[in-house]
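Just so you know, these numbers come straight off a predicted model, no measurement behind them. First the proteins, then the strands, lettered A, B, ... as listed; each starts at 1.
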Amino acid sequence: ERITGSFSYSTYHTIEEIYSWIDGLLLEYPKLVSRIDIGQSYEGRPIYALKFSTGGNKPAIWIDTGIHSREWITQATGVWTAKKIASSYGVDSSLTDILDNLDIILEIVTNPDGYAYTHSTNRMWRKTRSINAGSTCVGVDPNRNWNAGFGGPGSSSNPCSETYHGAHPHSEPEVYSVVDFILAHGNVKAMLSIHSYSQMLLFPYGYTNDLAPDHEELTELAKQTANALASLHGTQYTYGTTIATIYRADGTATDWAYNNGIKYSYTFELRDTGRYGFILPAEQIIPTAEETWLALMTVMEHVKNHPY
Amino acid sequence: QKTFVGDQVLRAHAKDNAQLDVLRELEAMKHLQVDFWRGPSRPNLPVDIRVPNAVLQQVKVFLESNSIDYSIMIEDVQELLDQEHQDIQSATLR
């Protein structure tokens, strides 16, 4: 309790601080939380997923935060959310009910190298840090690297672009670690990939105008989720398919998840306020995390109530 | 740390698809090294562009000459980053 209780959730932290905090969370909630080492980043950093489980091999909800490293509010929300899940079990009846039926797996720093780089060298870094053969430009957009419409026009073939798709699908260890884990698990029922900013809730597809077979249900759930989120601080989200709501995006995590049988696949774009972009003041971390929690709970309850 | 002194973030509003295409042209001009925080997608959605100080006038002229409305969303990126860094240091001390 002293470790994670004294931690400041209303400031941004380095990857070392976050990983150290994870150690504290494990000590504090040993019966509920475990850490899974799902792989290593390009530069050799460990990639951790936190598993919140009451035992048994239950169907799972996957949540990842921070695949784009400069979106700091996302990783910070991930940290707050992890503590919220752990501290709410046995206290909050809705969350307890969810964890009695499902596991929650949370990857707080999906792009560790990029995140470290934003702290050390370039706050505006978005991509991974892998070297691209034949180019002086570094990094791949890990949200264009998934095997779903990979390489289409909603991504770039130029290694210098912020949306460079990489040499081949799942070329990035940060991506294939997640792919391997989810496929090996085999019972993931929802994948919630959290980004910032622009306040949107997006679902498949991004690479095609075709509507997903579950389009109506995904739309209705997005509406409920956006309403729940807005109920706390009035933050307005738009929602819809990625391609119809923002633009064509190829090779995204959400599309990959859906195509691999994970029906409840959403991308969140957390708040901005229209003034700060990626430099959201730290005082907004907790309000953002609190409203996001209501949204996550809406999706998780739906998943629990609609097994498939 | 790389600095962003004098860089601004402009919020552009494209009226129609033709103006969106112009913004896409800007995105393709790699030598300017503009950084699209929010890319051109639909006329009703703003486009946020971090523009390095060195090409600020060039980009503003480009937008104005194409009649694209814009406002300054962030006056000086580095000022915000300095504030952010200061907040982190204070929190660490606490």
Side-chain angles (χ1 to χ4, degrees), chain A residues 6-14 16-17 68 70-73 76 117-126 137 153-154 156 158-163 195-200 202 206 238 240 242-249 269 272-285, chain B residues 1-5 7-14 17 20-21 23-24 26-52 70-94:
Chain A
S6 63
F7 186 86
S8 173
Y9 294 88
S10 57
T11 190
Y12 294 112
H13 293 275
T14 62
E16 291 81 9
E17 289 166 348
H68 288 146
R70 65 187 176 183
E71 300 168 4
W72 279 12
I73 186 65
Y117 199 69
T118 61
H119 279 270
S120 68
T121 310
N122 182 348
R123 172 67 179 84
M124 290 302 136
W125 193 258
R126 162 191 165 99
C137 292
S156 174
N158 179 355
C160 299
S161 166
E162 295 290 1
T163 57
H195 291 242
S196 72
Y197 65 102
S198 66
Q199 296 161 200
M200 290 177 179
L202 308 169
T238 51
T242 307
I243 196 168
T245 309
I246 38 173
Y247 40 58
R248 177 168 180 167
E269 295 281 356
D272 155 35
T273 75
R275 289 183 57 199
Y276 300 104
F278 300 119
I279 321 171
L280 199 69
E283 67 197 22
Q284 293 198 35
I285 294 172
Chain B
Q1 272 275 8
K2 175 176 163 56
T3 66
F4 299 89
V5 175
D7 287 14
Q8 292 189 343
V9 178
L10 306 180
R11 174 160 284 189
H13 297 273
N17 284 322
L20 281 175
D21 286 341
L23 289 169
R24 289 188 188 106
L26 179 64
E27 197 174 15
M29 296 176 191
K30 294 294 175 199
H31 64 283
L32 293 177
Q33 296 193 303
V34 294
D35 171 17
F36 277 72
W37 283 11
R38 217 202 280 230
S41 51
R42 303 180 182 283
N44 58 336
L45 291 176
V47 177
D48 298 340
I49 316 159
R50 180 175 60 79
V51 184
Y70 70 90
S71 56
I72 299 172
M73 181 172 133
I74 297 176
E75 281 278 353
D76 185 339
V77 171
Q78 191 60 44
E79 268 182 29
L80 279 184
L81 294 181
D82 289 344
Q83 184 61 51
E84 185 179 72
H85 188 65
Q86 213 174 338
D87 290 347
I88 290 172
Q89 285 193 317
S90 309
T92 306
L93 282 173
R94 273 204 304 279

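A search for side chain to side chain contact (heavy atoms under 4.5 Å, CB included) contacts involving Thr3(B) returns Val5(B), Gln78(B), not counting sequence neighbours. Residues forming a ring pair (Phe, Tyr, Trp, His ring centres under 6.0 Å) with Phe278(A) (at least two apart in sequence, or on another chain): Tyr197(A), Trp37(B). Legend: residues meeting ring pair (Phe, Tyr, Trp, His ring centres under 6.0 Å) with His195(A), ordered by chain and number and at least two apart, are His68(A).
Taking a 6.0 Å sphere around CZ of Arg42(B), one finds it holds more than 12 heavy atoms contributed by other residues, nucleotides or ligands.
Residue contact with chain A, scored on non-hydrogen atoms closer than 4.5 Å, is absent for Asn44(B). For chain B, the nearby parts of Arg123(A) are the backbone and the side chain; heavy atoms of each come within less than 4.5 Å. Of the atoms belonging to Ser198(A), heavy atoms from both backbone and side chain fall under 4.5 Å from chain B. Residue Leu45(B) touches chain A through its side chain alone, counting heavy-atom pairs closer than 4.5 Å. Proximity to chain A (any heavy atom under 4.5 Å) is shown, for Pro46(B), by neither the backbone nor the side chain. Proximity to chain B (any heavy atom under 4.5 Å) is shown, for Arg126(A), by neither the backbone nor the side chain. With a 4.5 angstrom heavy-atom cutoff, Phe36(B) touches chain A only via backbone atoms. Heavy atoms closer than 4.5 Å to chain B are found in the backbone of Thr118(A), but not in its side chain.
Of the listed residues (Leu20(B), Ile49(B), Asp21(B), Asn17(B)), just one forms a side-chain contact (heavy atoms from CB on, under 4.5 Å) with Pro40(B), and that residue is Leu20(B).
Closest of all the heavy-atom pairs between Ile74(B) and Tyr276(A) is CD1-O, 3.6 Å. Minimum interatomic distance between Phe4(B) and Val77(B) (heavy atoms only, all atoms of both residues): CB-CG1, 3.8 Å.
Of residues 26-34 of chain B, those residues lying under 4.5 Å from chain A by any heavy-atom pair are Lys30(B).
Annotation: side chain of Ile73(A) is in contact with side chain of Ile285(A) (closest heavy-atom distance under 4.5 Å). The shortest distance between side-chain heavy atoms of Arg50(B) and Gln8(B) does not fall below 4.5 Å.
Interface summary for chain B: among Ser156(A), Pro281(A), Cys160(A), Gly277(A), the most heavy-atom pairs under 4.5 angstrom belong to Gly277(A). Note on Ile246(A), Thr245(A), Thr14(A), Asp272(A): by heavy-atom pairs under 4.5 Å with chain B, the leading option is Ile246(A). Contact count against chain B (heavy-atom pairs under 4.5 Å) is highest for His119(A) among His119(A), His13(A), Glu162(A). Interface check for chain B: of the options Arg70(A), Glu17(A), Glu283(A), the most heavy-atom pairs under 4.5 Å are formed by Arg70(A).
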Take Asp82(B) and Gln86(B) through the test side-chain hydrogen bond (donor to acceptor under 3.5 Å, both in side chains) and record every step on the way to the result.
CA-CA 6 Å; Asp82(B) 289 344; Gln86(B) 213 174 338; over 6 Å; no
Working note: Tyr117(A) + Asn122(A), criterion side chain to side chain contact (heavy atoms under 4.5 Å, CB included); need CA distance, chi angles, decisive distance, verdict.
CA-CA 6 Å; Tyr117(A) 199 69; Asn122(A) 182 348; 3.8 Å; yes
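By the 4.0 Å N-to-carboxylate-O rule, Asp7(B) lies too far from Lys2(B) to be salt-bridged with it.
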